[in-house]
Student: 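Sending over a structure as structure tokens; questions will come in a sec.
As the structure lists them, so they are numbered: ligands from 1, and atoms in each ligand from 1.
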Amino acid sequence: MTSSHILVLYTGGTIGMQASASGLAPASGFETRVRAQQSRQAERLPNWSFRELLPPIDSANMSQANWLAMVAAIRQGIEQDGCDGVLVLHGTDTLAYSAAALSFLLLGLPVPVVLTGSMLPAGAEHSDAWPNLFGAMQVLHDGVAPGVHLYFDGALMHGARVSKLSSEAFDAFQVAPRRRQGTRLAELPVAIDFRQPRQPVNLLSLPLVPGLRASHLRALLDSGVQGLVLECYGSGTGPSDDAELLDVLRAAHARGVVLAAISQCAHGHVEFGVYAAGSQLASAGLISAGGMTREAALGKLFALLGAGLAQDEVERLFSLDLCGERAEG
Ligand code: ASP
């Protein structure tokens with residue numbers, strides 16, 4: 001759908017940062033700078049309204065509360081102010097996490113949401129800020145499907161499949177070519193659409209490394225964590241000869257903790273049955289995230305557990321394809 005009135009939601013990030021004694025720092029008042037730059041450019045752009053989430057932050061400080069504030073501002077822009085497209089300006093460090101979280105928090109939203117940011121601040125020499133910002137507006141104006149997208153360095157990407165792969169290059173974000181599988185949900189349950197309020201969730205992600213002990217995992221799982229993304233080896237394997245470690249996982253699952261497995265490999269996906277060392281994890285209660293990224297698995301767990309769903313319902317919905325995060329292609 002084409003957007004004629006865009007909400008520009010500014011959350012902070014390098015794109016609007018200014019120099020300070022301790023380095024680049026988030027700054028308010030970005031709207032004036034965008035309007036001034038637009039008046040110097042020739043392209044025709046859609047109308048837009050600007051909203052700033054206060055205080056603007058370095059996205060290294062991003063939290064679940066910030067995601068919920070974004071959802072509230074986006075809903076207000078659409079439902080009360082009549083906007084038909086949304087552009088979120090965001091720091092790049094956690095942009096992929098927010099794009100994934102919003103993909104699941106905004107399921108069923110009838111208008112498109114595009115996120116962007118930049119590697120260099122607006123106004124800096126050779127900055128990518130204005131091309132990214134005005135390019136994203138143009139994409140919305142030309143027409144993009146409802147759902148959450150990332151526009152960066154000239155590319156439009158699926159919000160629930162991107163990762164930041166470079167801390168310097170302008171094409172910092174990429175869709176990792178992971179194999180995905182999962183049945184597409186025929187109809188979105190009301191319990192997880194964008195109108196559903198969410199509570200904060202105690203969530204974490206942990207990479208398996210040689211030497212991980214049952215005591216490490218016990219300490220983590222005893223901390224009150226409600227969901228854990230376990231970053232397994234290869235096709236979903238782990239230390240299957242450590243009975244104590246498997247017992248720790250089994251006990252956590254039995255008391256309601258959701259345990260999701262992703263692959264550590266950038267081009268990987270979980271298929272527990274390939275190795276006996278994977279089957280053991282599955283029998284301890286882990287569910288497969290297929291080829292989902294860490295960002296997508298965390299965002300999806302937040303949206304499902306935050307909606308207050310029971311463990312088995314979270315596990316059922318986690319295993320389905322909700323917005324293309326598990327689909328091929
Ligand atoms: N640290 C900055 C942030 O994520 C980096 C950036 O925006 O590129 O807000």
Student: Are S163 and E295 close enough that a side-chain donor and a side-chain acceptor fall under 3.5 Å?
Tutor: yes
Student: Does CD belonging to Q199 count more than 12 external heavy atoms closer than 6.0 Å?
Tutor: no
Student: With a 4.0 Å heavy-atom cut-off, what residues sit around ligand 1?
Tutor: G13, T14, M17, D58, S59, G91, T92, D93, S118
Student: What class does the angle between the rings of W130 and F30 fall in, given that below 30° is parallel, 30 to 60° is tilted and above 60° is perpendicular?
Tutor: parallel
Student: Would you tabulate the side-chain donor-acceptor contacts of residues 201-217 under 3.5 Å, counting partners in other chains and residues two or more places apart, or write 'none'?
Tutor:
residue : atom : partner : partner atom : Å
N202    : ND2  : G224    : O            : 3.2
S205    : OG   : E231    : OE2          : 2.4
H216    : ND1  : R213    : N            : 3.0

Student: Which pairs pass salt bridge (Lys or Arg N to Asp or Glu O under 4.0 Å) with one or both residues in residues 12-33, sequence neighbours excluded?
Tutor: E31-R35
Student: Does anything in residues 80-117 pair up under ring-ring contact (aromatic ring centres under 6.0 Å, His included), and if so which pairs, sequence neighbours excluded?
Tutor: none
